[in-house]
Amino acid sequence: MRTRSAAETVQIDVFTLFPQWFEWFRSQRHVRNALVGGSSVECVDIRAHTPLAGGQVDDVPFGGGAGMLLRVDVLDSALSAHYGVDSTQLRAERRVIALAPVGRGLDEQLAAELASEPALTLLCGRYEGFDERIIEHLCSDVISIGPYVLSGGELAAMVVCDAVLRKLPGVLGDERSALEESFSAALKGAPEYPHYTRPADYRGWRVPAVLLSGHHAEIERWRHERSLERGARADGGGQG
Ligand code: ADE
């Protein structure tokens, strides 16, 4: 697996109709660690920048169909007002990412790629999603967090932020957590081995004896084998 080293900090701007959703996210310990370390997760309220009357941001699809689409003129003016440049120029300077169910699937490799960027812009669609011209003319990427449809991009944006921020130095309490975890380079892309903590025996459910043995080489070997086993199960469609 190709690896990229995380930047020291990442400045993330989230364009959303629901900036208040991110207050909870920003208050979580690991996110606060990232903010204290110099990263940022700033929300831009799309509605605050709409040029349309009555705070309108969306409209019905041409050709008919259910739902409403985020308008291109509204996002264009939100982006250009916030960055002070023509919004078509922005994607040459930083990744401008639309969150949508049809897009590149988020995985560890993509999270690492994003964590190596100094700045990201995340666009949260609502309702049926985006007018396609937003994606064609204003975005560098479309990212999906999975093959299912959410009511908007906000939760997906939080997932992206979480996966990215935890890769930055100092964000997790113990740096080893990010190094040797599922799909990491240290595990050659395989899922992580199982973990156990006290009590060593609970209702007769015993922790594997090797983990209590103190033999580091054997523990390593056992973990490696379990990790490969899980990988093989996941490839075969079993439990990952
Ligand atoms: N918006 C709605 N559904 C989504 C998904 N699965 N991933 C990213 N953004 C979305």
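Heads up: numbering here begins at 1 and tracks the sequence. Just follow the structure's listing: the first ligand is 1, and inside any ligand the first atom is 1.
A ring-centre distance under 6.0 Å is found for Phe15 and His82.
Side chain of Asp45 to backbone of Arg47: a donor-acceptor contact under 3.5 angstrom is found. Gln89 places no side-chain N or O within donor-acceptor distance of the main-chain N or O of Arg91, the cut-off being under 3.5 Å.
Within a 6.0 Å radius of NE2 in His30, more than 12 heavy atoms belonging to other residues, nucleotides or ligands are found.
Put simply, the residue from Arg95, Lys167, Arg94 that forms a salt bridge (Lys or Arg N to Asp or Glu O under 4.0 Å) with Glu117 is Arg95.
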May I have a table of the N/O to N/O pairs between ligand 1 and the protein that fall below 3.5 Å, each row giving the two atom names and the distance to 0.1 Å?
unit_1	atom_1	unit_2	atom_2	d
ligand 1	3 (N)	Leu150	N	3.0
ligand 1	6 (N)	Gly146	O	3.0
ligand 1	6 (N)	Tyr148	O	2.7
ligand 1	7 (N)	Ile145	N	3.0
ligand 1	9 (N)	Ala100	N	3.1

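At least one side-chain heavy atom of Leu35 sits under 4.5 Å from a side-chain heavy atom of Val41.
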